[in-house]
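Values in this document were obtained by computation on a predicted structure and should not be read as measured data. Each ligand, and each atom within it, is numbered from 1 in the order the structure gives.
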Amino acid sequence: MEAALLKFTLPTMAGAVLLSLVGYFLLRAIYNLFFHPLKDIPGPKSWSATRLPYIWALLRGTFVHDIQKLHRKYGPILRIAPNELTFTHPSAWNDILQSHRGRPPFPKDPTWWTTQRVHTEGLLTALNHETHARMRKALTPGFTTRALRSQEPIIQRYVNLLVERLSEMIDSPSSGEKDNKGVAKAEVDISPWFNFVTFDIFGDLAFGESFHCLENSKYHPWVAILFHTPAMATKVAAARFYPWLESALFKLIPPSLRKMQQDHWGQVVERVAKRMNYEVEREDIMSPILRGNTKNEMSLDDINGSFMALVIAGSETTATALTGMMNYLVQNPQYLRKVTDEVRGLGDDGREITLDSLRELKWLNAVLTEALRLCMPIPWILPRRVPDAGGVVAGVTLPGQTLVSIQAYAMQRDPNYWRSADEFLPERWLPDASKPESEFYTDKREAFQPFSMGPRICLGIHLAWAEMRLITTKLLRAFDFEAVDGKRLEWESLKTFMLVERKPVVVRMRHASH
Ligand code: HEM
């Protein structure tokens, strides 16, 4: 009798729970569509009603491209979840990220930034405005143009090593070959080489020792782990939208990946401790922190947490921009010729090419800027949370707690702002392009903020420019580059998990013919 009752009640109860859940979701969806304060903001109904399409796009890595299509359809202000909007309106940069009349910028949304369980808070993950400002003040002296000058020999050393290693590849019987005129050549996937050089530079600048990626022609095991981090962080964030599911979803992350993360954190802590325990003769990023930290502005946890994030922020981004630039240059040989002629025109008197000599080169800066426009390394500025008092973005008054983000990739390719928006046209950044007679005169340059703005503007902007200019210049002076038929990469096909997916960019290289 009892068994029969159990048989009857269990399915009934399960059915009742399921029905209540469906009912709850249905009622929420109806509320979100017809009664929510954001109900009048344009956007697809399915995205406005529930967060499921958003999460699905995140997990598939198609988020940035899906949203780009939605912006084209619905305009620059778009509802992409019940309580979340995203913008391709240029004024969103200023409205969201700058301080206004004494109120700080909108804080980062904890869903994305709450420190993962294994490590401590740092500059990138600090949500509180005062904590962020304190850390930023302590870290900034290592990233000024003055600091960069004293760091230049380190950067030069690794860029020279990059050239040497690629040169060996052309001459090596295993990777190179001879063309029908007897000239040595090699087909090289250039993409990892940009990572090798930026990781090695950053390792030396931050921890006083290289990761030896260039020497070994492969990623340091620690660096390899970093490639999993953005995809994993995306999954963690997706799980956080349903807090009651979070623990269960965390368990889906493979234990091997969790262990990797813990090992990585352990290695950051070890490297930071090692660097803090010895004096270096040259200036690096850590020097000003150690010198200026007399009142303990940065605790050891703060330093560890900040350097953990800096390794990715400081290398993967620059490598993505360089990869994108090379991909577009080999597919557009007319611009490759122009910038190559320019950097080879710097002369060859045996003296080192200095960073200062590259600042004003117009084609060099134009191709890099155009690459940043089309291949934005951070395609989506992650959501900020409107404070309780509410706020205004792009002229729309928003209730407190609304999430707001900026679609940099979509904005930088929006035909409403850019002439021939999807085409690689570096001349739009030449000085003459700002004259009324130029076809690019109407380009909306304020829509382009590759390093963001406000108190959280990229800390490494000077270092990024220095690396991009020097690496491009030295490569183009040393080698002739060419596209390889059948191996062309379409940048638009790359997925995004916070950062842009990396795929081979195969180029044919020869020693420079001049
Ligand atoms: C082309 C290369 C780079 C691009 C396009 C880039 C872009 C950006 C953007 C858009 C942000 C703002 C993200 C946000 O607030 O959500 C940012 C922040 C940041 N970047 Fe970069 N970045 C680059 C290279 C670097 C380098 C080389 C470093 C350091 C070595 C660096 C360190 C940082 C740090 C620490 C932050 C956080 C700043 C803060 O919250 O105060 N970045 N970057």
Practice problem: Give a yes/no verdict on a cation-pi contact between Arg165 and Trp193, requiring under 6.0 Å between NZ or CZ and the six-membered ring centre and an angle within 45° of the axis. | Solution: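 Output no; distance or angle outside limits.
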Quiz item: Is there a donor in the side chain of Asp109 and an acceptor in the side chain of Thr111, or the other way round, less than 3.5 Å apart?
Solution: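 Note: Asp109 and Thr111 side chains meet the donor-acceptor criterion.
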Quiz item: Does a side-chain N-to-carboxylate-O contact under 4.0 Å join Glu209 and Arg275?
Solution: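 No, this pair does not count.
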Quiz item: Between Glu342 and Lys362, is there a salt bridge with N-O shorter than 4.0 Å?
Solution: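 Salt bridge absent between Lys362 and Glu342.
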Could you pull out every N or O of ligand 1 that sits under 3.5 Å from a protein N or O, with the distance for each pair?
from, atom 1, to, atom 2, distance (Å)
ligand 1, 15 (O), Arg384, NH2, 2.8
ligand 1, 16 (O), Arg384, NH1, 3.3
ligand 1, 40 (O), His132, NE2, 3.4
ligand 1, 40 (O), Arg456, NE, 3.1
ligand 1, 41 (O), His132, NE2, 2.6
ligand 1, 41 (O), Arg136, NH1, 2.7
ligand 1, 42 (N), Ala313, O, 3.3

Practice problem: Could I get the full list of salt bridge (Lys or Arg N to Asp or Glu O under 4.0 Å) partners for Lys503, not counting sequence neighbours? | Solution: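 Here no residue qualifies.
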Quiz item: Are Trp429 and Phe448 close enough that their ring centres sit under 6.0 Å apart?
Solution: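 Yes, the ring of Trp429 comes within the 6.0 Å limit of the ring of Phe448, centre to centre.
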